[in-house]
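Structure first, then comments.
Below, chain A is the first sequence line, B the second, and so on; all start at residue 1. None of the values given here were measured: they were computed from a predicted structure.
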Amino acid sequence: MEPKQHLYLVDGSAYIFRAYHRLPPLTNPQGVPVGAVYGYTTMLWKLADDLHKADGPTHLAVILDASGKSFRNDIYDQYKANRPPPPEDLKPQFPLIRDATRAFSLPCIEEQGLEADDLIASYARAATERGWDVTIVSSDKDLMQLVGKCKHGEDGEACIDMLDTMKNQRIDVPEVIEKFGVPPELVGDVLALMGDSVDNVPGIRGIGPKTATKLIQEHGSLEAALAAAPDMKPSKLRDSLIEQAEMARLSRVLVQLKEDCPLPVALDDFKLDTIPPDPLAAFLEEHGFNSLLKRLGDGRGSPERRVDLNPAKPVTAGAAPTAGSSRQPLPELPPIDRSKYVCVQDEPTLAAWIERAMAARLVAFDTETSSIDAMRAELAGISLALGPGDACYIPLGHGGTDMFAERPAQVEKTRALALLRPLLESEAVLKIGQNAKYDLNILARHGIDVGPVDDTMVMSFDLDAGRSMDGIGGGHGMDELAARHLGHTTLTFKDICGSGKKTIPFGEVPLDRATEYAAEDAEVTWRLHRLLKPRLSEEGATRVYERVDRPLVPVVAQMERHGIRVDRDKLAGLSATFAEEIAKLEGQIHELAGQPFTIGSPKQLGEILFDKLGFKGGKKGKTGQYSTDQGILERLSGEGAAIADRVLEWRQLSKLRSTYTEALQAAINPETGRVHTSYSLVGAQTGRLSSTEPNLQNIPIRTELGRQIREAFVAEPGNVLLAADYSQIELRLAAHMADVPALKEAFAEGEDIHARTAMEMFGEVNRDTRGRAKTINFAILYGISRWGLGGRLGVPADEAQAMIDRYFERFPGIRHYIHSTLESVRANGYSETLFGRKCWFPRISSNNPNERAGSERAAINAPIQGTSADIIKRAMVRMMPALEAAGLSHVRMLLQVHDELVFELPEADVPAASKVIEAVMAGAAEPAVPLSVPLGVEIGTGLSWGAAH
DNA sequence: GGCCGAACGTA
DNA sequence: GTACGTTCGGCCC
């Protein structure tokens with residue numbers, strides 16, 4: 001028989017507050033306060049010492065609070081409202097807690113919307129159900145409710161106790177009774193009566209611990225005490241109990257621990273091995289914890305030392321995992337075996353799978369459909385995975401198109417979805433998707449609001465954006481992730497459905513093949529989640545994942561479903577006008593050329609211009625072709641070449657017609673009559689969204705002709721469109737991040753920022769100097785180079801360099817920002833936004849100077865562009881709740897264009913909605929990152945997108 | 001049918 | 001000089 005398993009659950013968040021208040025202030029060699037971190041480290045040290053003792057841990061995890069809001073705020077909005085912000089010198093220690101945990105190679109769990117207490121309760125219950133003993137490392141009184149809860153599992157009795165490491169005291173049932181006067185199962189009733197000022201649990205006014213205990217002892221429960229109140233002798237206590245009975249009941253709910261939370265990491269993955277000494281030593285050294293370092297002594301280099309990279313296993317693409325990324329290795333799983341999958345074709349089997357998924361509290365899922373376009377796709381089936389080799393496919397729309405072939409047996413679609421709905425919508429079951437936004441949209445169209453959801457594609461992005469090396473892709477698609485992390489080659493869509501003309505819809509794929517493909521996707525998603533989720537906390541990506549990108553998934557999904565109305569007739573009219581003009585120009589161009597040719601071919605055009613017509617200044621690029629881009633043609637036009645002028649006009653009109661007026665008409669969804677773009681959450685390495693099919697982030701605005709296309713984006717009758725833009729957000733962020741007093745001042749005063757720059761640079765402001773200043777400001781954001789700036793301004797490189805020097809002289813913070821950013825990217829391999837979003841630059845140390853310089857420019861830009869992306873994403877996440885709280889439930893958020901949000905709303909709501917939108921956007925960095933510049937938001941409204949600007 | 005480079009639309 | 005996506009012609013298979 002296996003030895004008894006013993007799980008330790010460390011209440012990390014509560015611990016550091018206690019450690020902070022109990023220990024003297026202490027700073028590390030870099031001057032960062034680390035007193036609480038030191039206390040936390042010694043606590044982990046003590047636990048690690050017990051590792052191989054008889055009653056020591058066999059499994060261990062640290063549990064942290066991930067976010068300020070939880071389900072308790074939905075029940076009682078004042079919950080934890082009185083809690084003061086943490087002291088300034090404690091704040092920087094929070095992220096270090098994760099570093100410390102990582103240094104011990106221990107798993108660290110946190111989950112948005114859940115408090116550490118609830119996760120601890122859920123893990124404790126799950127472990128005792130399996131017959132494991134549990135020790136909760138905490139002294140939190142709420143958690144005392146759990147003590148003693150025994151189960152009779154396979155291994156006999158399993159119990160929960162607590163360990164207060166500060167007092168070095170075990171807390172078991174007698175200790176709980178000593179503290180509360182009642183056994184653990186009644187602690188919740190006592191807590192409900194006495195309330196808690198720190199958490200702002202109301203309780204009953206005038207009742208403290210003493211009276212609460214007495215009442216519960218006498219009556220046996222909260223409800224009994226409340227029921228007995230009218231018969232008590234008249235007193236203040238009696239009146240309070242009667243008057244505030246509801247408050248007590250509410251408090252009872254608030255102190256109740258949630259034991260059925262989805263478990264983001266499986267219990268088996270908390271298995272403890274040995275603590276590898278190297279990362280620990282590095283951590284102790286970095287923070288100057290010399291006494292501990294000494295005690296670690298010659299543990300370094302011992303035979304237990306673990307090797308980071310096992311060549312037999314698949315290797316993460318990009319930079320090899322470096323010091324600090326080690327952890328207790330996850331137990332190995334059997335290889336993927338597609339023969340184990342089940343095709344679910346009848347209701348009882350389906351019901352059994354749903355029941356098992358409910359019990360597992362974690363299920364990977366995937367939908368199969370007829371199209372890549374979620375707004376047009378027909379549902380063909382759903383796959384579920386509960387573990388390795390434990391996956392199924394539920395066909396729902398197979399067959400039926402061929403009248404002569406027999407339709408395979410399947411559970412009827414509506415019936416199956418009705419059965420699946422409680423699972424997919426259950427708060428207690430974590431659903432894991434790969435690009436879950438797609439599946440959310442498919443299921444939303446069938447009336448199912450899936451949640452809570454984790455997304456492995458988004459996790460991969462938050463961990464590894466930009467991390468690709470020669471020969472190894474850096475993408476976040478399922479096939480690529482499976483190859484990179486699991487060493488597994490998945491069946492591809494092409495393998496199953498073919499490609500090109502011979503593509504068959506998924507609903508026509510035979511069920512055995514469909515099952516292999518679909519269930520494999522779900523199992524791969526399950527396995528990826530198991531690998532990636534723990535990496536989030538280990539690699540400092542939790543904040544950006546939990547607070548920004550994860551909650552954004554359903555928000556963006558909803559925007560895609562909303563779509564935007566376009567005026568087809570208006571587009572058709574423009575298209576016809578453009579076509580006429582294009583034909584006219586074509587005739588003139590062929591006339592001027594002396595022969596017909598394909599104007600759209602740069603190759604042919606170049607030959608006509610420079611070979612046949614003999615214009616000078618033809619430059620051939622690396623492909624041996626003449627360049628005929630806008631700059632060249634404008635120069636020729638200035639030199640009097642009429643043909644160049646006509647070609648420029650022809651190009652503008654052709655572009656507008658083919659890319660916009662024609663393509664947008666084709667993109668109108670016949671069912672909704674609207675255009676639904678698809679946003680990629682992992683499209684831009686910096687963290688921006690990207691938009692495809694169609695791209696609604698590059699609708700023209702700069703020229704009058706192009707602007708007419710924006711007029712075709714319109715509101716429904718009775719509604720208007722509202723466009724809200726951040727003004728100069730990247731420059732504002734640069735001013736903040738590089739700490740440039742002159743620029744910050746200008747933004748604070750609402751000055752014209754380019755004019756201010758012109759004044760600083762040239763001593764006077766006029767059209768010319770302001771324009772040059774504007775160019776320089778942008779050049780800074782894009783990673784400046786003398787040649788680039790020179791080219792833009794039309795001055796020699798040395799003159800441009802002089803301007804750059806002058807800029808640095810006037811705004812010294814900028815030079816320092818560039819220098820320190822590059823320094824840090826070279827040292828760590830990645831840049832970081834103010835919110836901790838990483839962007840990797842594997843070529844920053846390339847031997848190729850061009851490549852290296854390119855990476856450097858991108859690395860200077862990424863924190864600024866990425867922080868701006870983080871901020872608007874945070875605004876998007878908060879927007880609908882804020883509007884709803886203001887009673888503005890008819891406002892719909894339709895589009896995001898990097899620094900702009902577009903809404904559709906009833907005209908009457910404009911004043912109220914403008915206020916909310918402005919406030920949410922302007923405050924979106926707070927409270928995580930207080931900015932030293934205000935964020936300006938400009939709002940316009942109109943019947944069309946064009947008019948709203 | 002699939003891929004690449006040139007050109008050009010946006011922030 | 002940053003970050004994207006789409007269209008087109010030209011070329012490959």
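- Each of A/Thr686 and A/Thr692 has a nearest nucleotide on DNA chain C; the 5'-most of these lies closest to A/Thr686.
- Contact check, A/Arg702 against B/dG9: no side-chain N or O comes under 4.0 Å of OP1 or OP2.
- One can place NE2 of A/His898 at 5 Å from C1' of B/dA11, the figure rounded to the nearest angstrom.
- Side-chain proximity of A/Arg688 to C/dT2, B/dA11, B/dT10: nearest is B/dA11.
- Annotation: ring-ring contact (aromatic ring centres under 6.0 Å, His included) contacts involving residues 789-812 of chain A, sequence neighbours excluded, comprise A/Tyr807-A/Phe811.
- Counting non-hydrogen atoms under 4.0 angstrom, A/Ser691 reaches the backbone sugars and phosphates but no base.
- For DNA chain B, none of the residues of residues 804-818 of chain A falls under the heavy-atom distance limit of 4.0 Å.
- Nucleic acid contact for A/Gln630: sugar-phosphate only, since backbone atoms but no base atoms lie under 4.0 Å from a heavy atom of the residue.
- Checked against C/dG1, B/dG9, C/dA3, the side chain of A/Leu789 finds its nearest nucleotide in C/dG1.
- Set against C/dT2, B/dT10, C/dC11, the side chain of A/Arg710 has B/dT10 as its closest nucleotide.
- Contact between the side-chain N/O atoms of A/Thr598 and the OP1/OP2 oxygens of C/dG9 is not found at any separation under 4.0 Å.
- Partners of A/Arg674 under the salt bridge (charged side-chain N to carboxylate O under 4.0 Å, His left out) rule, at least two apart in sequence or in another chain, are A/Glu716, A/Glu904.
- Within 4.0 Å of A/Glu730, counting heavy atoms only, lies no atom of the nucleic acid at all.
- Under the side-chain hydrogen bond (donor to acceptor under 3.5 Å, both in side chains) criterion, A/Asp479 pairs with A/Thr490, not counting sequence neighbours.
- Atoms CD (A/Gln728) and P (C/dT2) sit 20 Å apart, rounded to a whole Å.
- As a whole-Å value, the separation of A/Ile709 CD1 from C/dT7 P is 13 Å.
- Atom pair A/Ile701:CD1 and B/dA11:C1' shows a separation of 10 Å (rounding to whole Å applied).
- For the pair A/Arg852 CZ and C/dG1 C1', the computed distance is 17 Å after rounding to whole Å.
- Residue A/Ser678 is classed as having no contact, given no heavy-atom separation below 4.0 Å to the nucleic acid.
- The shortest distance between the side-chain N/O atoms of A/Ser601 and the OP1/OP2 oxygens of C/dG10 is below 4.0 Å.
- The CG atom of A/Leu605 sits 15 Å away from the C1' atom of C/dG10 (whole-angstrom rounding).
- With salt bridges taken as basic N to acidic carboxylate O contacts below 4.0 Å, one links A/Arg756 and A/Glu760.
- For A/Asp455, there are no salt bridge (charged side-chain N to carboxylate O under 4.0 Å, His left out) partners two or more places apart in sequence or in a different chain.
- For C/dG5, the base has no donor-acceptor partner in the side chain of A/Asn695 [N/O atoms by modelled type, under 3.5 angstrom].
- Legend: residues meeting side-chain hydrogen bond (donor to acceptor under 3.5 Å, both in side chains) with A/Arg772, ordered by chain and number and at least two apart, are absent.
- A/Glu649 has no carboxylate O lying under 4.0 Å from a charged side-chain N of A/Arg646, or vice versa, which leaves the two without a salt bridge.
- Remark: A/Lys655, A/Ser658, A/Thr659, A/Ala663 in residues 643-669 of chain A come within less than 4.0 Å of DNA chain C through at least one heavy atom.
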>> What does the B/S/- profile of nucleotides 1-6 of chain B look like, 5' to 3', with a 4.0 Å heavy-atom cutoff to protein?
In response: S---SS
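- Residues in residues 618-639 of chain A take part in these ring-ring contact (aromatic ring centres under 6.0 Å, His included) pairs, two or more places apart or across chains: A/Phe610-A/Tyr626.
- Taking the side-chain hydrogen bond (donor to acceptor under 3.5 Å, both in side chains) definition, one finds that A/Arg837 meets it with A/Asp462, A/Asp549, A/Asp870, sequence neighbours left out.
- Here the closest non-hydrogen pair linking A/Leu696 and A/Trp945 is O-CH2, 3.7 Å.
- Residues satisfying the salt bridge (charged side-chain N to carboxylate O under 4.0 Å, His left out) test with A/Glu693, not counting sequence neighbours, are none.
- With sequence neighbours excluded, no residue forms a side-chain hydrogen bond (donor to acceptor under 3.5 Å, both in side chains) with A/Arg565.
- Salt-bridge annotation for A/Arg707 and A/Glu711: absent, with no side-chain N of the basic residue lying under 4.0 Å from a carboxylate O of the acidic one.
- As judged by a 4.0 angstrom heavy-atom cut-off over every strand, A/Ala684 is placed among residues touching the sugar-phosphate backbone only.
- The CH2-P distance, from A/Trp945 to B/dT10, rounds to 11 Å in whole Å.
- Separating the CG atom of A/Asn861 from the P atom of C/dG1 is a distance of 14 Å, rounded to the nearest angstrom.
- Put simply, A/Arg857 has a side-chain N or O that comes within less than 4.0 Å of OP1 or OP2 on C/dT2.
- Within 4.0 Å (heavy atoms only), A/Ile860 reaches no atom of the nucleic acid at all.
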